[in-house]
Number of protein chains: 2
Amino acid sequence: MTYSLTPAIQDYLEVIHDLSKHDSKVRITDIARKLNVAKSSVTEAIELLHAKNLVQKERYGPITLTRNGEREAAKLKYKHLLISKFLRDVLNVTADTAEKDACLIEHVVSVETMLALIQLLESKNYLDNDIDIEEVKILLSTNSLSNLAPGTKGTIKRVEATGELRRRLMEMGVTSGDDIQVKRVAPMGDPIEITVKGYNLTLRKNEAAAILIEIN
Amino acid sequence: MTYSLTPAIQDYLEVIHDLSKHDSKVRITDIARKLNVAKSSVTEAIELLHAKNLVQKERYGPITLTRNGEREAAKLKYKHLLISKFLRDVLNVTADTAEKDACLIEHVVSVETMLALIQLLESKNYLDNDIDIEEVKILLSTNSLSNLAPGTKGTIKRVEATGELRRRLMEMGVTSGDDIQVKRVAPMGDPIEITVKGYNLTLRKNEAAAILIEIN
DNA sequence: CTAATAAGTTAGGTTAAACTAACAATATTA
DNA sequence: TAATATTGTTAGTTTAACCTAACTTATTAG
């Protein structure tokens with residue numbers, strides 16, 4: 001039930017992502033320090049992220065990103081990185097301004113523009129070889145089915161599941177390339193009703209989370 | 001006393017600018033329709049724009065942009081136009097996405113990045129000849145002195161005044177190229193105390209409005 | 001293993017930007 | 001010109017994102 005994240009909430013996600021590189025258990029105080037906000041503001045924001053299934057947290061406990069949160073944070077990180085690189089290497093903007101502008105533009109830029117930007121950077125050979133740009137393109141252009149609002153139409157791009165879960169989804173007829181529509185989403189995003197190949201399916205949230213959709 | 005405008009308020013300014021091309025007397029209802037908000041929201045926003053000296057309006061009367069409002073609106077228009085052109089012509093993004101992204105990016109992009117973007121568009125000969133790009137650069141990189149917060153340091157880029165007003169400003173020692181610092185600003189932005197060439201000057205708002213500052 | 005310190009939460013307040021509903025002023029038209 | 005319609009304002013809510021201050025729970029140091 002992510003639907004859409006405000007810039008402010010995206011900033012929290014990004015900071016949590018950064019901090020969890022040093023220590024996967026992130027604390028409220030560190031987030032507050034990084035974002036220059038009061039602890040109470042963080043508590044509130046974390047509640048929201050929790051409700052949207054982007055972080056795990058219990059009372060007085062540390063914060064960890066969920067798989068979903070990880071994905072959304074990674075999207076932001078790559079947007080930031082690519083925009084910043086473009087500003088520095090193509091436009092020759094100072095590093096400082098590039099960072100600041102990237103921080104703001106990353107929250108509003110469309111996927112289409114991001115893909116076009118990647119193409120430009122690729123054509124000029126400005127991309128580091130240590131990032132798998134094809135994976136980044138897929139990351140940016142897809143959403144986990146568990147994040148989509150009722151009514152959304154798209155195409156299954158990938159089923160990120162193995163073993164039993166994968167088998168079950170295949171059996172239901174969930175395969176890459178299929179068109180899909182989200183019919184209904186229960187409170188808390190579980191379960192999710194969808195239509196694939198004319199069939200109505202009801203998926204558990206953890207099943208839906210494994211399915212990557214490219215929105216039309 | 002503009003100091004800074006939120007994206008929402010910038011949108012109002014832009015719409016007023018657009019509408020005033022057809023008819024210089026803009027009405028609340030038209031703005032509401034264009035922005036898809038309630039009339040009461042517009043009334044409120046206009047009050048703010050009025051307080052910031054960007055529009056003129058009296059009770060139940062039509063809205064007109066002030067000189068200041070005109071300048072700020074023009075900045076936004078050019079940002080929009082240039083970003084959109086870049087997205088379409090350089091990145092080959094669809095016209096629709098280019099418009100949407102430009103609408104969002106224009107509110108957050110820095111002047112430095114805008115100037116760099118212009119340079120790129122110039123070097124590729126993508127700019128229409130009917131816009132005076134040197135004037136646009138000056139427009140984007142300057143602010144009217146009447147909009148600056150106390151403490152701001154900058155350089156006088158131009159004195160946009162003629163006749164008596166120009167003569168008086170020259171006499172005070174206000175000339176292009178001088179460094180300037182805003183010392184104090186009275187409530188309602190009138191008068192404004194500044195330092196130029198070591199001298200303390202007190203300017204009326206209409207005098208300050210004519211002085212364009214490039215912020216350091 | 002307490003006592004002091006730090007971390008997290010709760011309660012209550014503020015601001016910007018929206019909203020609806022009711023009302024007042026202005027325009028239109030019959 | 002009176003009746004109607006349109007336009008603009010006011011009052012009162014709502015939501016997101018912040019805040020401070022007071023409090024509770026954890027952690028750390030003697």
Side-chain angles (χ1 to χ4, degrees), chain A residues 1-16 19-20 22-65 72 76 103-104 106-108 149, chain B residues 1-16 19-20 22-65 72 76 103-104 106-108 149:
Chain A
M1 298 218 309
T2 304
Y3 300 0
S4 85
L5 303 174
T6 62
I9 286 298
Q10 291 179 25
D11 279 335
Y12 281 99
L13 249 195
E14 250 181 304
V15 164
I16 296 167
L19 290 171
S20 62
H22 295 261
D23 186 345
S24 69
K25 283 154 200 292
V26 177
R27 284 169 318 157
I28 296 269
T29 310
D30 297 329
I31 300 171
R33 203 179 357 250
K34 268 254 190 180
L35 281 175
N36 241 303
V37 297
K39 291 180 297 172
S40 56
S41 304
V42 180
T43 301
E44 204 173 2
I46 295 299
E47 243 164 64
L48 222 162
L49 287 169
H50 184 75
K52 287 183 183 295
N53 256 288
L54 295 161
V55 303
Q56 273 194 300
K57 164 140 202 317
E58 37 214 39
R59 243 161 149 275
Y60 291 100
I63 298 150
T64 48
L65 287 170
E72 293 307 313
L76 289 166
C103 264
L104 298 170
E106 68 186 36
H107 298 304
V108 300
Chain B
M1 296 221 307
T2 305
Y3 300 2
S4 85
L5 303 174
T6 61
I9 287 298
Q10 291 179 26
D11 280 336
Y12 281 99
L13 251 195
E14 251 182 304
V15 164
I16 295 167
L19 290 172
S20 61
H22 295 262
D23 186 346
S24 69
K25 284 156 197 291
V26 178
R27 286 170 316 158
I28 296 269
T29 309
D30 297 329
I31 301 172
R33 201 177 0 246
K34 266 254 189 180
L35 281 175
N36 240 303
V37 297
K39 292 180 296 170
S40 56
S41 305
V42 179
T43 302
E44 204 173 1
I46 295 298
E47 244 165 62
L48 222 160
L49 287 169
H50 183 76
K52 288 184 185 292
N53 256 287
L54 295 161
V55 302
Q56 273 193 301
K57 163 133 204 315
E58 36 215 41
R59 244 165 147 273
Y60 290 101
I63 298 150
T64 49
L65 286 171
E72 293 306 314
L76 288 166
C103 263
L104 298 170
E106 68 186 35
H107 298 303
V108 299

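Only heavy atoms go into these numbers, but all of them, side chains included; no hydrogens, no water, no symmetry mates. Just so it is clear: chains get the letters A, B, ... in the order the sequence lines come, proteins before strands, and each one is counted from 1.
- At a threshold of 4.0 angstrom between heavy atoms, the contacts of B:Asn36 are confined to the sugar-phosphate backbone, with no base atom among them.
- D:dA17 atom C1' lies 8 Å from atom CD1 of A:Ile9, rounded to whole Å.
- In this structure, B:Lys52 atom NZ and C:dA17 atom C1' are separated by 14 Å, rounded to whole Å.
- Listed pair A:Lys25 / C:dA7 fails the phosphate criterion, with no side-chain N or O lying under 4.0 Å from OP1 or OP2.
- Contacts of B:Ala8 with the nucleic acid, taken as non-hydrogen atoms under 4.0 Å apart, involve only primed sugar atoms and P, OP1 or OP2.
- Rounded to whole Å, the distance from CZ on B:Arg27 to C1' on D:dT9 is 16 Å.
- For B:Glu44, counting side-chain heavy atoms from C-beta on, the closest listed nucleotide (C:dA18, D:dT9, D:dA16) is C:dA18.
- Neither OP1 nor OP2 of D:dA16 sits under 4.0 Å from any side-chain N or O of A:Tyr12.
- Across D:dT9, D:dT20, C:dG8, the shortest atom-to-atom separation from the side chain of A:Lys57 is found for C:dG8.
- As rounded to whole Å, 14 Å separates atom C1' of C:dA17 from atom NE2 of B:His107.
- Looking at the side chain of A:Glu47, the nearest of the listed nucleotides D:dT10, D:dC19, C:dT10 is C:dT10.
- Rounded to a whole Å, the CD1 atom of A:Ile63 is 10 Å from the C1' atom of C:dG8.
- Residue B:Ile31 contributes atom CD1, which lies 15 Å from atom P of C:dA17 at whole-angstrom precision.
- Considering B:His50, B:Gln56, B:Lys52 as possible partners of B:Leu54, the one that fulfils the side chain to side chain contact (heavy atoms under 4.5 Å, CB included) test is B:Lys52.
- Proximity of B:Thr6 to the phosphate of C:dA16: no side-chain N or O atom is located under 4.0 Å from OP1 or OP2.
- Residue-to-nucleotide contacts include a donor-acceptor pair under 3.5 Å from the side chain of A:Ser40 to the base of D:dT20.
- Map B:Glu58 and A:Val37 each onto its nearest nucleotide of DNA chain D; the residue landing nearer the 5' end is B:Glu58.
- Between A:Ser41 and the phosphate of D:dA17, there is no side-chain N or O to OP1/OP2 separation shorter than 4.0 Å.
- Rounding to whole angstrom units, CG of residue B:Leu49 and P of C:dA17 are separated by 10 Å.
- Under the 4.5 Å side-chain criterion, counting only non-hydrogen atoms from C-beta, B:Asp23 is not in contact with B:Asp30.
- Phosphate proximity of C:dT10 to A:Arg59: present, with a side-chain N or O under 4.0 Å from OP1 or OP2.
- B:Glu106 is listed as a side-chain neighbour of B:Glu14, based on a closest heavy-atom distance under 4.5 Å.
- Note: CG (A:Leu19) to P (C:dA7) measures 14 Å, nearest angstrom.
- Taking the side chain as every heavy atom from C-beta outward, A:Leu65 and A:Val26 never approach each other to under 4.5 Å.
- Here the straight-line distance linking atom CD1 of B:Ile31 with atom OG of B:Ser41 works out to 11.5 Å at 0.5 Å rounding.
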Worksheet entry | Candidate pair A:Leu35 and A:Val42, rule side chain to side chain contact (heavy atoms under 4.5 Å, CB included), full reasoning | CA-CA 9 Å; A:Leu35 281 175; A:Val42 180; 5.9 Å; no
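- Backbone-only engagement by B:Thr29 is indicated by non-hydrogen atom pairs under 4.0 Å involving sugar-phosphate atoms exclusively.
- Closest to the side chain of A:Lys39, out of D:dT10, C:dA7, D:dT7, is C:dA7.
- Nearest nucleotide to the side chain of B:Tyr60, out of C:dC19, D:dC19, D:dG8: D:dG8.
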